[in-house]
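The structure appears below as structure tokens.
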Amino acid sequence: MHYFNVLVVDDEEDFLDTLMNRLKKRNINTTGCRSGEEAVELLQNKFFDVVILDIKMPGGMDGIETLREIKKIQPEAEVLLLTGHASVETSIEGMKLGAFDYLLKPIKLEDLLEKLAQALEKKDTAEHKRQSEQIRKLLKYW
Amino acid sequence: MADTHSFEEMIDDHRIAQTLMVMNQRAGAFVDLGVIDQLGNHLAYIGPYDLKGKNYYGQAWFVEVMSKGVYISDVYMGFRQLPHFIIAVSRQENQRRWILRATIDPDIFAGIVQAAQIGRTGDSFIINESGILQTRSRFTGDILSNSNIKVSSFGKGTSITEEGNGQHRQILYAGCWLKNKNWLLVISRDVRQEMRSLFATRNVEVGIILAGILAIVLTVLFTTRLTVRQLMENDRKMDELNAQLVQSDKLAALGKMAAGVAHEINNPLAVIIQKTGWMEDLLAEEEFKNSPNYEEFKTSIKKIEDHVERARKVVHNMLGYARRMEPRLEDVDINQTINQTIDILENYARINNIDIQADLAENLPVIAADQAQLQQVFLNLISNAIDAIGKEGIIEVKSRRIDTRIWITVKDDGPGISDDQQKMVFDPFFTTKGSGKGTGLGLWISYNIIEKMGGTMTCKSQQGKGSMFTIVIPIVTPDKK
């Protein structure tokens, strides 16, 4: 088990469940929720190293608002934005607000893991470096 | 004369001869002179004919002169068998009545009349009430013949009539009744002769008017044709413009719809990919590996992934265009971009025996454009050309600078595109390639890229001869750094 926590925020249940299953299967501590509000609540109680956030969530808080809240609550958490093509501009705006990077849907898991590795690398601690290496190993095995 | 001389004086031959001489000195037209008594006996006569002793009693003129005192005859032949006319005057002297009678040579009289003849076609003569000529005329007839002039058409004073004489000649007659005698002095003239100068003037005027009308008609025709041609030209341009507008409108609408559809497809694709990925993860577990259908599952999942990938590419292409709405401007050397594109495709072309010939103008300026986008356009056009030809052929790529624009043409000698299909080549998802080989997005994206640059892209094709795509882009000079 890797010692870092990932939070996935996506309103599409099938997508969320499957992605969580796949990450968990790769021994990544994954928590999931289906709205910005839930994400904010979770972040107040637990530290997450990386948040994978869908930008387009109908109803309630949208991705950008959620991002702002995340950066307030846990500024050190890296945020990976998931975006459709129509919301690329929003993603760029998100990058300015401190998001680490964005990924175009539909994503391949290897791409996501690569970004995840990069995000951990950025954390610049020995522990994170080691974890990043581990993820890269996972990718090689692919 | 009768008044100044007495009867006795007048019957004397000598005196009468003298009187005739005196009269002829003044008028010169008198042929003879005679004296006749009240019984009609010709008592004295001087003249070339021997008329003395003839009796006129009972003749019409004698009766008239006796009753009225004066008689002027029409021209007649009389005893002499020569045309002449007479003037007779009666005189009452005491109980005796006598008549002085003079014969007038109509030739001399006619001479006076004929002095009024003008020009080559002018005529003048005298006719009596019945239209019989009293003097010789030039054209109307000899003396004593019928002139065929309608006497009734002349009024009391001087009047003018116009008559055709059957040979398309119009003759103008001017007539004047003479005093004391029902004779009509007629002066005639051929209208054409008379009016020649008028006709000439008229002809000139008619000529000027005709020329004017002709000029007006020609001008009207010319300007009308010019205007019509211009209108047609304008119409054609309008049609072209409209067609272009319709085209770009259609493409914009289609593009929006396609982008919307693509976006909606994206989400399910994302889920499918996660699901297949998850299935693969699970298949890797020991229990599944021992399953007899393990390979079947694995290939099925692989197939699903392949096709999702295909769908993803379509969506990506479409949205990829939509995503990069704003071109990144950089310094672009068009020729260099074309050459790079040709380099990429050269191998592929050579395998298919296709020769790509570049004819690039050297004077092309460096422009500000998105190189990647332009390269995508050239790549699309040239690879389309290669696909169209199939095997063996020539592709010509030309670049030219015309005024403030750069023209790039890509021409192939492939099978060409039918007229129906030409209207659709820029439509998204329109493709002539087999299913799975072309997405039908290449030209659509290219068209949009060029349009975004402020340029135009057109297609000309003839079936059996090949196709030519023309790109015209404005020269946008890069900002100085």
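Chain letters run A, B, ... following the sequence lines, proteins first and then strands; every chain starts at 1.
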Hey, is [atom1] on [X] packed in by over 12 heavy atoms from elsewhere, all under 6.0 Å?
{"X": "B:Glu346", "atom1": "CD", "value": "yes"}
{"X": "A:Glu76", "atom1": "CD", "value": "yes"}
{"X": "A:Lys71", "atom1": "NZ", "value": "yes"}
{"X": "A:Phe47", "atom1": "CZ", "value": "no"}
{"X": "B:Phe430", "atom1": "CZ", "value": "yes"}

Sequence neighbours excluded, which residues qualify as salt bridge (Lys or Arg N to Asp or Glu O under 4.0 Å) partners of B:Asp427?
B:Lys250
[X] [atom1] to [Y] [atom2] distance, which is reported to the nearest 0.5 Å:
{"X": "B:Asn266", "Y": "A:Leu104", "atom1": "CG", "atom2": "CG", "answer": "8.0 Å"}
{"X": "B:Asn267", "Y": "A:Glu12", "atom1": "CG", "atom2": "CD", "answer": "6.0 Å"}
{"X": "B:Arg312", "Y": "A:Ile107", "atom1": "CZ", "atom2": "CD1", "answer": "11.0 Å"}
{"X": "B:Ile273", "Y": "A:Phe15", "atom1": "CD1", "atom2": "CZ", "answer": "10.0 Å"}

Does this structure show an ion pair linking B:Glu305 with A:Lys108, if we count only N-O contacts that are shorter than 4.0 Å?
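Result for this pair is no, no salt bridge flagged.
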Under a 4.0 Å N-O cut-off, is there an ion pair linking A:Lys25 with B:Asp281?
no
Run through A:Leu112, A:Thr18, A:Asp14 and flag the one making a side-chain contact (heavy atoms from CB on, under 4.5 Å) with B:Gln274.
A:Thr18
Looking only at heavy atoms, what is the nearest atom pair of B:Ala270 and A:Pro106, with distance?
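Looking at all heavy atoms of both residues, the shortest contact is CA-CB, 3.3 Å.
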